Amino acid sequence: MYTSSIFLLVLLLCCTSLVYSSGYDENTLLKIKKQLGDPYGLGWWVKGFDYCNQSANVAPEYSQITCTSTGRVESLMLHNLYGPARSPLFPDGICGLTYLVVLDVSEVNVFGSIPSCITKLSHLVRLGIAKTYLSGPVPGFSGQTKPTNLTNIDLSGNQLSGTIPPSLFTLPKLDTLNLASNNLTGTIPPGILHTKNPALLLTNNSLSGELPKSYGSVEFSRIDVGGNQLGGDASFLFGKQKAQYIVLANNNFEFDLSYTEFSDNIYGVDLSHNKIYGKVPDSFATAQNLWYPNLSFNGLCGELPKGGNMWRFGPAVFANNSCLCGPPLPPCSNRAPAPAPAPAS
Ligand SMILES: *[C@@H]1O[C@H](CO)[C@@H](O)[C@H](O)[C@H]1NC(C)=O
Ligand SMILES: *[C@@H]1O[C@H](CO)[C@@H](O)[C@H](O)[C@H]1NC(C)=O
Ligand SMILES: *[C@@H]1O[C@H](CO)[C@@H](O)[C@H](O)[C@H]1NC(C)=O
Ligand SMILES: *[C@@H]1O[C@H](CO)[C@@H](O)[C@H](O)[C@H]1NC(C)=O
Ligand SMILES: *[C@@H]1O[C@H](CO)[C@@H](O)[C@H](O)[C@H]1NC(C)=O
Ligand SMILES: *[C@@H]1O[C@H](CO)[C@@H](O)[C@H](O)[C@H]1NC(C)=O
């Protein structure tokens, strides 16, 4: 009886101290701090710090941590960290936080590439590494221990190069993939995101080729591929049960808009600065939820549809096309009639 109480007491003391004073992930966090070059914002990360206690966090604008009930780091946010002048690499110590569900590193001056060990954090649901100086490839997710619950990847605003790894499209729950504002090249691989209304954001890269035809069967909540060197047809994105927000601006897309269907599904579409031709279809005026269109700087021609929602749209929506006319643009009748064929003499 006596010995078992002692045993219990020892057990209690041992485990309490493990969780609350030494902390399972303390050494890993201190390693991460060191790898980042001891930035000012992490000054309070010192031996024995109460990292699981959010009330003890004296600088939440630089870092935030939450823990599992057993004291393991479950989410880590690092933000706005600019260490001393030297250029630290991405702190691969983060890969030692094996219980991580949410990782969000943004506006941190790290250089080099994203270590592939990140893809082995098997519990990840959100992975955000944005607005850093990281270069090198987008990591692929093909390993045995890939995070199958991953729903959101944001790697925007870095300097990542190379092609988009097709293995991203094998993540079964991936719903938002944001690779905007990097230096990605090559064609977009044919895989799709498997959730009901995925968002794919690839703006401001150097992607080329055509959009995969498989995108015609996806009801994107948003597809944004503006500011690349993409071309060819994209008319298959339009229609019932299809994309709700489409940005194709600043590319070389070249297709006939006359036969596309603007359904009630769509609320935003930016086609500006492409080579899209044909006329603006009647469904453009009747698509009930369409509020944010931009068709400017294309090769569209002919009379604009009348009625419906046309009152919502100013001339800038249609400006700088080949020969569009009718309200809100100048009336078609004011245009010079087509020159009559020269009489044979
Ligand atoms: C968390 O930190 C606050 C502020 O330092 C402190 O008052 C509180 O007692 C701590 N909570 C626990 C459970 O240690
Ligand atoms: C994935 O999520 C489910 C449901 O929340 C959870 O039960 C499971 O443990 C998670 N898997 C991993 C590898 O984290
Ligand atoms: C990425 O692209 C930006 C803007 O186009 C350019 O300034 C930068 O040098 C490029 N970086 C790399 C690593 O290629
Ligand atoms: C893409 O680049 C343009 C021009 O530099 C900029 O105005 C726009 O905000 C960028 N878009 C995104 C999503 O980064
Ligand atoms: C449409 O796009 C052009 C070119 O990018 C831009 O100048 C214009 O302001 C946009 N108009 C509207 C209504 O969004
Ligand atoms: C675009 O159209 C406006 C209005 O017709 C015109 O003033 C402007 O010069 C055009 N811009 C270009 C780049 O063609």
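What you see is a predicted model, and the numbers here were worked out from it, not measured in a lab. Note that ligands are numbered from 1 as they come in the structure, with each ligand's atoms numbered from 1 the same way. In this chain, numbering begins with 1 at the start of the sequence shown.
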*Using a strict cut-off of 4.0 Å, indicate which atoms of ligand 2 neighbour a heavy atom of S122.*
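Taking each heavy atom of S122 in turn, ligand 2 has 13 (C) under 4.0 Å.
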
Quiz question for you: does at least one protein heavy atom lie closer than 4.0 Å to [atom]?
| atom | result |
| --- | --- |
| atom 11 (N) of ligand 2 | yes |
| atom 14 (O) of ligand 5 | yes |
| atom 4 (C) of ligand 2 | no |
| atom 7 (O) of ligand 5 | no |

*Are L329 and N321 side-chain neighbours, meaning at least one heavy-atom pair lies under 4.5 Å?*
no

*N/O to N/O below 3.5 Å, does that happen between N53 and ligand 1?*
yes

*Check for a donor-acceptor pair, side chain of S263 on one end and backbone N or O of G239 on the other, with a separation under 3.5 Å.*
yes

_Under 3.5 Å donor-acceptor, N158 side chain and I129 backbone_ = yes

_Taking the six-membered ring for Trp, are Y245 and F220 closer than 6.0 Å centroid to centroid?_
no

*Return the option from N149, T148, V101 holding the heavy atom at the smallest distance from atom 1 (C) of ligand 2.*
N149

*Do any nitrogen or oxygen atoms of D270 come within less than 3.5 Å of a nitrogen or oxygen of ligand 5?*
no

_Numbering as shown, the atoms of ligand 5 that approach H273 to under 4.0 Å (heavy-atom distance)_ =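 Matching atoms, with element in brackets: 4 (C), 5 (O).
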
*asked:* Only heavy atoms of S272, strictly under 4.0 Å: list the atoms of ligand 5 that pass.
replied: 2 (O), 5 (O)

*Identify, by atom number and element, the atoms of ligand 1 in contact range of D50, meaning under 4.0 Å from any of its heavy atoms.*
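So the answer, numbered in order with elements, is 14 (O).
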
*Determine, stepwise, if the pair K279 / E303 fulfils salt bridge (Lys or Arg N to Asp or Glu O under 4.0 Å).*
CA-CA 7 Å; K279 39 180 281 170; E303 185 166 16; over 6 Å; no

*Is H123 in polar range of ligand 2, meaning some N or O pair under 3.5 Å apart?*
yes

*Which residue holds the protein heavy atom closest to atom 9 (O) of ligand 5, what is that atom called, and what is the gap in Å?*
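Sorting protein heavy atoms by distance from atom 9 (O) of ligand 5 puts N294 ND2, 4.8 Å first.
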
Residues [X] and [Y]: side-chain donor-acceptor under 3.5 angstrom:
| X | Y | value |
| --- | --- | --- |
| N80 | E61 | no |
| T185 | S206 | no |
| K146 | T170 | yes |

*In terms of hydrophobic clustering (I, L, V, M, F, W, Y; side-chain heavy atoms under 4.5 Å; direct or indirect links), are L207 and V247 co-clustered?*
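Not linked; separate clusters.
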
